[in-house]
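Counting starts at 1 for both ligands and their atoms, in listed order.
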Amino acid sequence: MRRTRRKFLATAGSIVASAALPWRSVAQAEEAKPKRHIVTLSFDDGFKKSFLRTAEIYEKHKLSACLNVIATAHEKGFQPPGEYIAGSPRGDFTLWNELQERGHEIMPHTYKHTNLRQVSFDEATDLITRCLDAFAERLKGFDPEKAVYNFAYNASTPELEKWLTGRVRAFRTGGGAINRWPHRGQSKLTCTSFGPANCEHAIDQEIEKLLARPTGWLVFNTHGLDEEGWGPIRASYLDRLLERLTAMDSVDVLPAGKALAKYVDSRPKDASDLDATEQSG
Ligand SMILES: [Zn+2]
């Protein structure tokens, strides 16, 4: 599906190239426009209806959605931590495996949505371990070394961050919304979110800040669509936003794990941080 867009870009590029720089090949014209901004909308809580619709909207734009789900939220014994999760049915691993199969990224968003700042260190690490074990058991091909662990309430502690480093590829917690370009050794991703009301304005503001920088990686923590979840966005807004972002040459819309895989882990080791050095200059 990426090929179609590349083909379109190549065609659009050739028109520009032949008009302005007739001696340059299409390939050179494409290389002259490297990605400089990454936008990750990181959707939490695993609402059945919203996550299906989100996946469909990303597919419409030939993109992969970043979907973070709670290991036990579909189980009978699950005690929702508040009205925003209690109010809407959650999906199960049959659905998560199906969406993963369709190209979306499914990542852990805790075992049972406990705020790990409010429990002991031992209990917190036990809950993270149970979460990762549950994912390994239920999500096809799950590999902690490629996973991004998404803290509930974006609430971590320095001790837990240290403990998690090396156990997963990366973790997402609270902090600034704009991260450095993906680089080797990056295991901490920070994000912001906005709620409980509609968070579209907050996303627009962060995107404006991102685009004003030479380079950067925006991670914005979103939840459901329309009326579902804390700080929702409208499905129609998401559709228009992806339309706008995919039309920008500098922007890559990616889930968090795929951003690390594409710009760090799949690159030769001696080429580390090439992008960050070149593009932040
Ligand atoms: Zn959550």
- Among side-chain atoms of Ser64 and Glu105, is any donor-acceptor pair under 3.5 angstrom?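 Judged by distance alone, the side chains do not pair up.
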- Examine the side chains of His113 and Gln79 and answer whether a donor and an acceptor come within less than 3.5 Å of each other.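 The answer is no; no qualifying pair exists.
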- Task: Give a yes or no on whether the ring-centroid distance for Phe220 and Phe194 is below 6.0 angstrom.
- Result: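 Ring-ring flag for Phe220/Phe194: false, centres at least 6.0 Å apart.
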- Atom CD of Glu101: over 12 foreign heavy atoms under 6.0 Å: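 No, CD of Glu101 has 12 or fewer neighbouring heavy atoms, counting only those of other groups under 6.0 Å.
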- Query: Heavy-atom count around Glu227 CD within 6.0 Å, excluding the residue itself: above 12?
  - Reply: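 No, the 6.0 Å shell around CD holds no more than 12 heavy atoms from other groups.
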- Can you spot which of Asn154, Asn68, Asn221 makes a side chain to side chain donor-acceptor pair (under 3.5 Å) with Ser42?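 Only one of Asn154, Asn68, Asn221 forms a side chain to side chain donor-acceptor pair (under 3.5 Å) with Ser42, namely Asn68.
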- Query: How about the Zn ion (ligand 1), which protein N, O or S atoms come within less than 2.8 Å?
  - Reply: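 Result, waters dropped: Asp45 OD1, His109 NE2, His113 NE2.
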